[in-house]
Each structure stands twice: as C-alpha cells, then as structure tokens.
Amino acid sequence: MNAPLTPSRLTMRNVVKRFGATLALDGVHLEVAPGEAHALIGENGAGKSTLMKVLSGALRPDAGEMQLDGRPYRPANPLDARQTGIAMIYQELTLAPHLTVEENVTLGIEQARWGVLQRRPMRARVRAALDELSHPDIHPDVPVRELSVGAQQLVEVARALMTDARIIVMDEPTSSLTGEDTAHLFALIRRLKTHGVSVIYISHFLEEVREIADRFTVLRDGATVGGGRVADTPLRRIIELMVGRDLAEMFPRVPHEPGEVVLELHGLSGPRMPHGVDLALRRGEILGLSGLIGSGRTELLRAVFGLDPVRAGRVRVAVVAGQPVTDTGASPHGRLAPGVGMVSEDRKGEGLALPMSVADNVTLSRLDTVGRWGFLNLRRQRHAAQRWVEHLHIRTQGPRQATWDLSGGNQQKVAVARLLHQDADVLLLDEPTRGIDVGAKVEIFRLMGELAARGKAILFVSSYLPELLGVCDRIAVMSRGRLVACRSTDSWTEPDIMAAATGGTA
Amino acid sequence: MSLSPAERVGGRMRPRWWRLLNLLGPLLGLAMIIVGFGVASQIKTGLDEHRFLIERAERRATAGLDPEPVPERWELIRRQENRFLTVNTFRATANQTVAVGIAAMGMTMIIISAGIDLSVGSVIALSSVVTAWCLRSGWPPLTAVTAGLLVGGLCGLANALMITRLKVVPFIATLGMWGIARGLAKGIAAEQKIDAPAAWLGTHVLVREPQPAWLLVSPGVWAMLGLAVMVWAVLRYTTLGRHIFAIGSNEATARLCGIRVERTKLCLYALAGVCTGLAGVMQFCRLTVGDPTTAMGAELDVIAAVVIGGGSLSGGEGSVFGSLIGALIMAFLRVGCDHVGVPSWVQEMVIGAVIVLAVALDHLRRKKVSG
C-alpha cells in the first residue's frame with residue numbers, strides 16, 4: 001500500500017494472531033490517517049473482529065508492530081487502549097440498560113475520591129460531550145433503555161468522546177439503525193472528522209462505505225488483500241477483493257412464475273400494530289416488505305404466524321389440499337400445519353436454539369418426521385439434517401455440531417433449512433440477511449429464487465433497499481403500522497420507497 | 001445534511017415523584033398488611049369476648065341465676081383494646097426482622113449484580129455458632145462479634161472465588177457453600193447447641209425495652225437501619241456501587257469499559273458476606289445460644305424480601321429500602337397471622353402467595369408505564 005503523505009494516525013504492520021493451530025491474523029497491514037474515515041471490509045471470519053480486538057487491547061498480537069501517532073502502541077487491556085485514545089463502538093450496543101446516560105458515558109472512567117463519586121465535575125463533562133454531538137436534549141439522568149436505538153448509539157459515541165478518542169472504531173454501527181438514524185450517524189462521522197478524529201468503519205453495506213469512507217482496506221482470511229481510495233474503486237472490484245472470486249451477480253435471478261394466492265390477509269390488526277393490512281401472496285412469488293424499523297413489519301409477520309394475537313381481520317392460508325384455513329386466534333403451532341414458516345429477525349434470541357446441534361435446529365419444528373411415538377430416531381434426524389446441510393452448502397463439521405459454532409451466514413441457512421425441512425409453502429423471512437457476509441447473502445438470494453421457482457411463496461422483510469429491489473417481484477411498504485403501498489418492483493425506486501415509508505404516501 | 005439540535009431523541013425524564021412511587025409501592029403494601037391485621041385482630045378479640053360472655057350467660061341461666069345482658073357484637077368489638085397495634089408488637093416484629101433484614105442488605109447488592117446467594121441461612125448459622133464458640137472460650141464479646149463478621153466475610157469471599165476463579169455460576173457456587181457452611185457449623189458445635197455467656201449481646205442488643213428509653217427501638221434494629229443507610233450510600237455514591245449496577249445490567253459492557261469485574265465481585269460478595277455474618281451475630285443475640293440448625297431456609301426469606309422490594313433476579317434493579325420493607329412485610333405477615341390465630345400451614349401459603357403477588361403487581365405497573 002502507498003504510504004500517505006500526511007503522517008499516519010495508526011499504523012499496523014504484519015500483525016499476526018494465532019488461536020491454537022488456527023491463524024486468525026496472518027500479516028495484516030492497516031494505515032489510518034488523522035481525520036479520515038477508513039473502511040475495514042471483509043467477509044465474516046476474515047479477521048476484522050480479531051484485528052479490532054488487537055487494536056482495542058482485548059487481545060495481544062503474537063507478532064507485528066503497531067504505532068499510534070508515531071509512537072509504539074502496545075495496549076495492556078481495553079481500559080489502557082481507551083485511555084490512549086482508542087474507542088470502540090460495537091455492532092451490538094454495549095450499554096448497561098438500567099444505568100442512566102451519564103452513568104453509561106462515565107462507566108469505567110468515573111471520577112472519584114476515596115471511592116466516592118464526584119458527581120458534579122462528571123456531569124459537566126457528560127454535558128460537554130453531548131453538546132459536542134449537538135444533542136444537549138439527551139438528558140443525562142434518563143436510563144438508556146428508555147432511549148431509541150439511534151439515541152443509544154449517540155450515547156456510545158459520547159462515551160468515546162469522553163476519553164478524547166483519537167480513533168473511533170465502529171463495528172457495523174448501522175445494522176440496528178433506520179435510514180434516518182443512519183443519516184444522523186453519517187453526519188456525526190463527518191463532524192468527528194473535522195475535529196481530527198479518525199474513524200475506522202466496519203460494514204457489510206458497501207453502499208454505506210461508498211458514502212462515508214475516504215479509503216478502505218480489505219481483509220480476507222486474516223490478511224490484507226487490498227485497499228485504496230473509495231472514490232477511485234468500483235464497487236464490483238471491492239466485492240471481488242472480499243470474496244476472492246468473480247461475483248457473477250450480486251442478485252442472482254432464478255426465473256419463477258407467480259401462481260395462485262396462498263396467503264391472504266384481510267384487514268389484519270394486531271394489539272398495537274399492524275393496522276388493517278390487506279395483502280395477498282402468491283405461490284412462486286417473492287414479496288418484499290419495506291418500511292422503517294418500528295413501522296410494523298415484524299409485527300405483521302408475527303401476527304400472520306400467530307406469535308402475536310390478532311385483534312381484528314383474517315388470515316387465510318390455502319393449503320396444498322385446497323381447503324382454506326381461516327381463524328383469528330392462531331398459534332405458531334396452528335400455522336405450521338398448513339405450511340407457514342418463519343425466520344425471526346432475532347437469530348440469537350428467538351430464531352435458533354444456539355446451544356443445540358444443527359440437526360436439532362433443522363428438525364425442531366417437525367420432530368415427528370424423524371421419530372415415532374415420541375421417540376427420536378437420532379440417525380434419521382442426522383440424515384435429514386445432513387441432506388439440508390449439503391443442499392444449502394452449510395459450512396459445518398456435521399449435523400451434530402452446536403449451532404453457535406457456525407458463522408452468522410451459516411446460522412441463517414440453518415434457520416432457512418428448518419423451514420425447508422418443515423416443507424413450508426409460505427416462508428416469512430424477517431431480515432434474513434442481517435449481519436451476514438456478502439457471499440452468504442448471495443447464496444440466500446439464490447436460494448430464495450430457487451424456492452420461488454419450486455412454487456413457494458416468500459414474504460421477505462428487509463431494511464436494505466437494494467436487496468429488496470434486487471430480488472423481489474413486488475414490494476410492499478409499511479408506515480406506522482399500515483400498508484401504504486404495494487406494487488410491482490419495476491415501478492419502485494429507492495427514493496420512492498423511502499418517501500412511502502417516511503411520509504405514509506406513495 | 002446536518003442534525004438539527006432541536007431534534008428530540010433524548011427520551012423522557014422520569015420525575016422525582018416517580019422514583020418515590022417505586023418505594024411507595026412496597027410501603028403501601030406494608031401499611032395495608034399492618035392495618036389489615038390490626039382490624040382482624042380487633043374483630044377476633046371482640047368475637048372471642050362475645051362468645052365468652054354468651055357462654056357465661058348460658059351457664060348462669062342453667063344454674064338458675066339471672067343471665068346478665070350480653071352487649072351487641074359490634075359494641076364489643078369496638079370496646080376491645082387492640083392487641084396488635086401496640087408498641088410492643090412493633091418492637092417485637094422489628095426485632096424479628098433484624099436477621100433477615102441485615103442479610104437482605106447484602107443480598108440486595110448481590111441480586112443487583114445479577115447474582116444470587118443461596119448460602120445465607122447456613123452462613124448465618126455458622127457465624128452465630130462461631131460467635132457462641134468464641135464467647136464460650138472466654139473471648140470478650142466484641143472480639144466474638146468480630147469473629148462472627150469475619151467468618152461471614154470469608155464465606156462471601158469463598159463464594160466469590162468459586163464464581164470468578166472456578167467460573168461456577170453463583171447459583172451453584174453458593175449452593176455448595178450452603179452445604180459447606182451448614183456442615184462446618186455443625187462440626188464446630190459438635191452437632192448440638194453451644195451455650196455461651198452472652199453478656200451484653202443477650203441483654204442489650206435485641207431487647208423488648210431498649211435500655212435508654214429514648215432509643216425507641218432496640219440497638220439491633222438501629223444497627224439494621226444504619227447498615228441500610230450505609231449500603232444505600234455505597235450503591236449510590238461510590239464507584240463500587242456504580243460498578244455493581246453495571247455488572248448486573250450488562251456484564252460484557254462493564255468488562256469492555258475496563259471495569260475489573262472479578263475484583264468488583266470479590267468486594268461485593270465479601271461485603272455481602274460481612275452483612276450475613278452480622279445477621280448471624282444478631283441471630284445469636286436473639287437466641288443467646290449458638291444453634292447450628294438455626295435459620296434453615298432463611299436464604300429464601302431473604303431473597304423474597306429483596307424481590308418484594310423491587311429487586312430483579314436478572315440484575316440491574318433493586319433497592320435497599322425496598323428490601324428492608326420487603327423483610328418487614330414478611331415479618332408482619334408472620335406475626336399478624338400468629339395474632340389472629342391463623343394455623344401455620346395457612347401462614348406459609350399466605351406468604352407464598354404474597355411473594356408472587358408482589359412481583360406480579362410490580363411487573364404489571366412497569367408494563368403499564370412503558371406501554
């Protein structure tokens with residue numbers, strides 16, 4: 001890589017980290033200039049997290065050299081790194097929900113005399129940090145669990161500013177944000193840059209990288225494989241660097257024809273959301289569901305699947321045999337029978353039983369297919385799971401492996417495999433591509449296309465518009481619990497969808 | 001693109017009265033229980049008197065004497081002196097609360113940190129046995145008390161070491177200590193009660209009538225209140241307290257922010273252990289013998305007190321004064337049931353129901369507000 005003309009803020013050279021026999025980092029180079037936003041890109045497992053753990057002092061590198069503003073940098077622990085000016089903002093928000101804004105911002109760096117907190121000077125510093133973020137409206141005494149996700153992220157940034165951070169690392173900061181909050185975050189990053197703070201930005205969203213980053217570095221298999229100025233590099237080139245192969249297409253299209261209606265919603269209303277939603281989903285169709293976070297997309301899916309009570313309206317599911325099943329007091333159990341399946345947006349909390357094996361997770365909703373009279377035939381269970389592991393190319397040591405050992409993308413495939421094993425005709429997929437790498441995303445998209453071609457109906461929720469536009473036949477937009485528009489993908493553009501989602505009009 | 005400063009993302013600030021209300025909930029429950037038992041006790045004594053008078057009138061009638069007039073029931077109930085709402089009942093109940101209340105102070109800290117301590121009852125027994133043993137060996141009372149506290153602290157420290165070094169979850173680690181401490185107490189006491197010269201520990205600490213009358217309640221009760229204020233201050237005004245809340249709220253975050261989680265837990269469990277040790281000393285003061293089988297199942301009373309007072313077993317929440325009121329609620333339930341003559345099996349069912357009810361009500365109230 002070319003050395004920049006300005007003296008660099010952070011230099012990492014030949015960083016190596018071993019975990020037992022596996023080489024997690026195998027000679028990583030990273031150069032970050034003062035006041036720049038530097039994107040760190042790579043598939044899951046490429047070593048980004050390990051590298052950032054080395055940077056933040058959570059891990060000690062086995063070899064290599066690190067310099068911060070020209071001085072050797074060897075953090076002993078996270079606190080040391082924090083005090084040297086490295087601040088981390090993680091993918092999952094790392095706030096203590098019960099503590100107030102002030103308590104969170106000063107956590108670990110409280111000012112105290114003889115163990116007794118010095119509240120007044122701390123309050124002043126917290127206020128100053130919030131002012132610097134142009135958010136004096138965030139009250140220091142509010143418990144953070146009462147804040148919106150976007151505001152919580154601001155609290156994390158305030159925490160970084162408290163230690164006079166010279167480098168702020170943001171790990172997938174937008175994965176839990178709405179478009180609006182993302183815009184705020186980008187404005188904030190630009191402001192941080194003008195203050196001379198360097199931002200290392202880790203993201204799977206390459207469009208975001210294009211928008212916010214000045215330069216980028218790509219990691220693959222624990223090594224730096226490329227980098228450069230974002231403005232000079234085509235998106236395609238970055239993707240190819242990441243996956244190390246030519247991407248035929250980001251959104252592979254498998255031809256499929258919509259058939260008869262299998263799922264019909266009439267004026268469906270839940271306890272709070274959704275509000276009177278009418279929708280018809282056809283066999284062999286991929287219907288995208290867009291909207292801001294909190295617009296009721298997830299609630300709609302939950303109501304259809306019987307996870308949330310239905311207050312009004314009807315859900316009609318046409319089964320293979322042809323008899324429609326209609327009721328308002330359904331349960332997930334009642335939905336599974338006519339062939340409705342759901343992949344939850346909360347993979348860790350709800351979607352998968354992570355400590356259980358891949359085989360258990362794949363067969364969990366239809367254990368009767370691999371046993372008799374309440375007894376499981378473990379061999380048959382493994383065989384059944386193995387079939388899906390091979391079919392979906394799930395990278396695992398075998399069906400007996402615990403699910404939490406798998407990468408995010410492979411976990412998601414396990415969740416989809418459960419629907420396939422259940423032989424669902426209607427697939428409700430809530431953010432199935434969240435937090436998984438590009439390669440895995442492409443595979444999920446191809447799978448969705450293949451399923452549609454086999455006559456499955458897919459309702460696909462996503463916050464990522466290019467994805468919706470790339471794979472869906474039709475796109476419906478929700479706003480404040482109502483379905484405001486639903487039409488063919490050809491007639492939508494990204495700004496259209498945003499307008500419909502934010503304004504409530506199409 | 002820039003942020004307008006006027007934008008509201010700050011969430012709403014809970015007013016001060018809201019925080020008071022949080023405390024008021026359990027307090028209201030306590031008041032209801034006291035008043036309820038006061039009324040019940042009044043009615044019961046009145047009815048007893050009524051039955052007694054009727055029986056006497058009948059006896060006189062059969063003996064051929066003039067039956068004296070029996071006043072109306074209501075009149076009788078009204079005329080009775082209330083035997084429940086007396087200073088003595090309150091003092092006695094407060095004295096009964098002391099052991100559980102003091103142990104609940106330690107438990108509050110532990111539960112806030114998302115931990116649990118099942119060894120409390122056993123450690124209370126051990127500490128009271130050790131205190132008695134020291135006194136019998138001729139040590140001065142103050143030294144014996146110190147030994148009792150020390151033993152409690154050591155048990156807490158052992159719990160913390162099992163949790164932080166052996167990586168055993170608190171439930172299991174303290175379940176182990178539950179057995180170890182109880183066994184040790186029986187061993188030291190040779191499986192029987194230790195009679196010891198209690199000196200002022202027996203005559204001054206947990207007495208009905210406090211020696212200088214201006215104390216109003218016994219020194220033991222004052223010790224409980226003093227400890228409560230101290231623990232409250234630690235939780236609110238020190239880094240240790242803040243770190244305890246942070247660990248209970250989100251341990252990963254706490255670690256990430258450079259908090260030395262292991263060391264904090266060590267301090268926390270040791271402090272809580274000292275509290276339990278003090279509870280054991282108080283138990284000795286009440287019994288004036290070292291009984292290795294005392295306080296069986298006390299840990300559940302203590303946990304119940306904390307939970308009734310608003311503590312959450314998933315951590316991050318809990319209040320010192322709430323726990324204190326929780327302990328008082330349970331003590332008043334017991335004393336009140338005794339007064340009214342409720343059989344003990346009903347008593348136990350009532351207490352069980354109250355625990356569930358308290359937590360359910362708390363949950364409901366929270367949901368109402370957030371929804």
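Below, chain A is the first sequence line, B the second, and so on; all start at residue 1.
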- Would you name the heavy atoms of B/Asn250 and A/Pro97 that are closest together and state the gap between them? CB-CD, 4.0 Å
- Item | Note, A/Gln111 side chain near B/Thr239 side chain (heavy atom, < 4.5 Å) | no
- Query: How long is the span from the OG1 atom in B/Thr253 to the CG atom in A/Leu99, to the nearest 0.5 Å?
  - Reply: 9.0 Å
- Task: Inspect the surroundings of CG in B/Leu142 and state if more than 12 heavy atoms from other residues, nucleotides or ligands are less than 6.0 Å away.
- Result: no
- Message: Nearest 0.5 angstrom please: B/Phe245 CZ to A/Thr100 OG1, how far?
- Response: 11.0 Å
- Message: Just checking A/Arg119: does its CZ atom have more than 12 heavy atoms from other residues, nucleotides or ligands closer to it than 6.0 angstrom?
- Response: yes
- Would you mind checking which part of A/Arg272 comes under 4.5 Å of any heavy atom in chain B, side chain (CB onward), backbone (N, CA, C, O), both or neither? neither
- A/Thr106 portion near chain B, given a 4.5 angstrom heavy-atom threshold: side chain
- State plainly whether the residues A/Glu110 and B/Arg242 are in salt-bridge range, i.e. N to O under 4.0 Å. no
- Output the distance between atom OH (B/Tyr237) and atom CG (A/Leu117), rounded to the nearest 0.5 Å. 10.0 Å
- Check for a donor-acceptor pair, side chain of B/Thr238 on one end and backbone N or O of A/Val116 on the other, with a separation under 3.5 Å. no
- Task: Under 4.5 Å heavy-atom distance to chain B, tell me which part of A/Arg113 shows up: side chain, backbone, both or neither.
- Result: neither
- Query: With only heavy atoms counted, which part of B/Ala246 is less than 4.5 Å from chain A, the side chain, the backbone, both or neither?
  - Reply: both
- Task: Calculate, to the nearest 0.5 Å, the distance between atoms CD and OG belonging to A/Glu103 and B/Ser249 respectively.
- Result: 9.5 Å
- Query: For chain B, which residues of residues 73-85 of chain A have at least one non-hydrogen atom nearer than 4.5 Å to it?
  - Reply: A/Pro78, A/Leu79, A/Arg82
- Scored by heavy-atom pairs under 4.5 Å with chain A, the best of B/Leu240, B/Ile259, B/Ile247, B/Val234 is B/Ile259
- Residue A/Arg480 excluded, over 12 heavy atoms near CZ under 6.0 Å: no
